[in-house]
Amino acid sequence: MASTTPQATAMSKRAQNAIDAAGKNSVMWDVMRDVWCETTNPGGYVNVGVAENSLMHDTLLEYLNRKLELPAKYLTYNDGGSGSARLRNAMSAFINRHFHPAVPVEADHLVVTNGVSPAIEHVAWAFTDPGEGILLGRPFYGTFVPDLSLRFGASVVQVAFDDCDPFSLDAVDKYEQAMLKFHVETGRKVKALMLCHPHNPLGRCYPRHVLVALMKLCQKYQMHFISDEIYALSVWKNTVDQTASPVAFESALSVDLAGIIDSNLVHVLWGMSKDFGANGLRLGVIISQFNRDMHVAMGGVSLYSYTSGTADHLASLMFEDAEFTDKYIAENQEKLSTTYTYAARRLKELGIEYAPGCNAAFFLWVNLGKRFVELHPEEKGSEVGDKVMQRLLQKKVFLASGALFGSERDGWFRVVFTHPVEFLETAFGRIVAALE
C-alpha cells in the first residue's frame, strides 16, 4: 500500500534543513536568472547585490582565450583532488610574491578546492564536531553561515560589537565574551575564529596589531584562527573619504607566529573569484603551513572539492606569468579606486549615508533605511529594512540585505560597485525610485 507520509519526512534532517534554507535564500538565484540588459532584457533585475567584479573581464578573457590549449592529462584525474603539482607550485610562488609570508609558502602547504566556499566548508568539517562553535563577527558575508554550518553542523557564534569598532583592539574582548557565553549556555567548545580580511561587507582591513591580538585570543583557548583573504589583492586608494585613514592590507601569513600562537592553528583561505574577477572558474585554496593532520584529513575528502582540469590549467598559466598578473592586479586596483570614487560621490549627491574608510573589496555599506525614513517620516520607529527590500525588488534592483549579513542595525544594505558607470547609474536610479 502506498505511504501517506508527507514527502518531506522521507528526507534526512540535514536535507530538510537545506530545503528550508533554500526557501529563505532563493531571491538571489531568481535575480541571476533574470538579469537586466539594456537591449535584450530591459525589464530584468539590475544586480548590484552579488559580489562579482566585471571591470577586468575583457582583459582576462583576451589573455585566457589566447592561451587555452588543453593538454590531454587535464582530461584525467591528474595529480589528485588537492590540485596538480604544477598548479600548487605556481600558486605558492604567486602567494610568496604578493602575500609576503613570514615563512615561504610551499606547494605542500596548499589544498586546492573548487572555490573558497568548499574551502570554508572543509575547515569547518576538519576543526569542529557537530554543535561546536565558530566565532564570526557582525556584520558578515551572509553565505558564511551555511558554508560553516549547513552540511556539517558547526554552530556559528555571532559576535556583536554594539558601538565598538570591529577592527579595534576593544573588539577582541567582544569575541572572548561571545565565546564564553556560548560555552556557558551550551556546554560546548568554540573551536575556531573566522575572519574575513579584507572585510566583506565593510571593505576594510584589520590592522596588524588586531590580527596579533586575535591570534593570541585563539592561542589562549586553543582555537583555530582562519583568515579568509579572498579580497587580498583587491585593495585600492580611497580618494573620497578624506577624514578616514584606511589600513593597508597585511596577510595573516606575514605575521611571525613565534610567541603569539601555535603555528598549527593558523590557516588562510584565498581564491581567484574576486581578485581575478573569475567566480566561474571555481578555484580556491586552503593555505595551512604547519598542520600536517589537516592535510592528511583533506586528502580523504578532497575528491568532493576537485577543481576541474580546465580551471587547474588556466590558473597555472596565469600564476606562471608574473608579468601578466602584476599588470592585471595594478590595473584592477586603479579601476576599483575609480569606480568606488564615482559610487561614493553619487551616494553623497543622493543624500544616502554610507560607511566611510573603505580601501578594499567591492562594497559600499549603505544606510537606505535612514534615507527612506527621511522621505517617509511616518515610518520612523518601524523596522524599515524589509520594507525597503520589497520596494527595491519591485523596482527590479537587487542589493544584499543587511538583515542576511548579520547587521546590528536595521536598514543597512551592501552595494557592489564593481560595474561600469552606466550600469551603476541605472542601479542608483532604481534605488532612488524605490525609496521615493
Side-chain angles (χ1 to χ4, degrees), residues 109-111 113 115-161 166-167 171-200 206 210-230 251-253 255 257 260-271 284-298 301 305 406:
H109 297 161
L110 308 182
V111 177
T113 57
V116 174
S117 283
I120 295 168
E121 213 184 49
H122 277 333
V123 294
W125 169 83
F127 302 146
T128 65
D129 287 318
E132 292 184 324
I134 297 177
L135 293 171
L136 184 64
R138 300 168 63 184
F140 44 74
Y141 162 56
T143 309
F144 265 141
V145 174
D147 285 352
L148 292 168
S149 65
L150 184 60
R151 291 208 297 171
F152 302 123
S155 295
V156 176
V157 182
Q158 298 186 18
V159 181
F161 299 104
F167 300 88
V172 179
D173 292 334
K174 300 288 188 179
Y175 280 98
E176 185 170 24
Q177 291 165 16
M179 183 216 65
L180 294 172
K181 183 173 184 287
F182 175 82
H183 180 66
V184 168
E185 291 180 349
T186 68
R188 299 190 181 105
K189 296 179 179 178
V190 173
K191 298 294 289 293
L193 185 154
M194 171 65 75
L195 213 61
C196 192
H197 170 53
H199 194 275
N200 174 3
Y206 287 85
V210 175
L211 292 177
V212 169
L214 289 169
M215 289 178 178
K216 287 181 176 179
L217 177 67
C218 288
Q219 174 66 16
K220 180 179 178 180
Y221 295 101
Q222 286 297 288
M223 297 184 292
H224 291 272
F225 178 89
I226 307 163
S227 183
D228 179 350
E229 301 185 0
I230 195 171
S251 172
L253 293 171
V255 177
L257 303 179
I260 296 173
I261 186 173
D262 294 342
S263 55
N264 66 307
L265 293 175
V266 176
H267 320 273
V268 169
L269 312 180
W270 184 73
V285 63
I286 303 168
I287 308 165
S288 188
Q289 292 184 280
F290 305 104
N291 193 318
R292 296 312 307 167
D293 286 345
M294 195 281 297
H295 283 275
V296 173
M298 287 299 104
V301 298
S305 60

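This chain uses plain numbering: 1 for the first residue, then up along the sequence.
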What orientation do His197 and Tyr206 show, parallel under 30°, tilted 30 to 60°, or perpendicular over 60°?
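Perpendicular, since the angle between the ring planes exceeds 60°.
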
Parallel, tilted or perpendicular, judged at 30° and 60°: which one describes the rings of Phe290 and His109?
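Rings of Phe290 and His109: tilted, 30 to 60°.
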
With side chains defined as the heavy atoms from C-beta onward, is the minimum distance between [X] and [Y] less than 4.5 Å?
| X | Y | value |
| --- | --- | --- |
| Leu135 | Phe182 | no |
| Phe140 | Met194 | no |
| Ile226 | Leu269 | yes |
| Met294 | Met298 | yes |
| His224 | Asn291 | yes |

If every non-hydrogen atom of [X] is compared with every non-hydrogen atom of [Y], which pair is closest and at what distance?
| X | Y | value |
| --- | --- | --- |
| Gln289 | Leu253 | OE1-CD2, 3.7 Å |
| Asp147 | Ser117 | OD2-OG, 3.2 Å |
| Val157 | Gly133 | CG2-CA, 4.0 Å |
| Ala178 | Val159 | CB-CG2, 3.9 Å |
| Gly115 | Thr113 | O-OG1, 2.7 Å |

In Å and rounded to the nearest 0.5 Å, what is the [atom1] to [atom2] distance from [X] to [Y]?
| X | Y | atom1 | atom2 | answer |
| --- | --- | --- | --- | --- |
| Glu176 | Cys218 | CD | SG | 11.0 Å |
| Leu193 | Tyr221 | CG | OH | 12.5 Å |
| Ser263 | Leu257 | OG | CG | 6.5 Å |
| Phe127 | Asp293 | CZ | CG | 10.0 Å |

Full working for side chain to side chain contact (heavy atoms under 4.5 Å, CB included) between Leu265 and Phe225
CA-CA 6 Å; Leu265 293 175; Phe225 178 89; 5.6 Å; no

For Ser251, check side chain to side chain donor-acceptor pair (under 3.5 Å) against everything at least two apart and list the hits.
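Checked Ser251 against side chain to side chain donor-acceptor pair (under 3.5 Å); matches are Glu229.
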
Steps toward side chain to side chain contact (heavy atoms under 4.5 Å, CB included) verdict (Phe144, Asp228)
CA-CA 10 Å; Phe144 265 141; Asp228 179 350; 3.5 Å; yes

So, using ring pair (Phe, Tyr, Trp, His ring centres under 6.0 Å) as the criterion, who are the partners of Phe161 when residues are at least two apart?
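Phe161 satisfies ring pair (Phe, Tyr, Trp, His ring centres under 6.0 Å) with Tyr175 only.
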
Show me the pairs that pass side chain to side chain donor-acceptor pair (under 3.5 Å) and involve residues 119-130, at least two apart or across chains.
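Only Glu121-Arg151, His122-Ser305 qualify under side chain to side chain donor-acceptor pair (under 3.5 Å).
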
Between Phe167 and His199, does a side chain to side chain contact (heavy atoms under 4.5 Å, CB included) hold up when you go through it step by step?
CA-CA 10 Å; Phe167 300 88; His199 194 275; 3.7 Å; yes

I'd like to know if the side chain of Gln219 and the backbone of Asp262 have a donor-acceptor N/O pair within less than 3.5 Å.
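Side chain of Gln219 to backbone of Asp262: a pair is present.
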
Is Ser149 reaching over with its side chain to a backbone N or O of Ser155, donor-acceptor style, under 3.5 angstrom?
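Answer holds: no.
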
Can you spot which of His183, Met179, Gln177, Glu185 makes a side-chain contact (heavy atoms from CB on, under 4.5 Å) with Lys181?
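The passing option is Glu185.
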
Could you walk me through whether Ile134 and Val156 pass the side chain to side chain contact (heavy atoms under 4.5 Å, CB included) test, one step at a time?
CA-CA 5 Å; Ile134 297 177; Val156 176; 5.6 Å; no

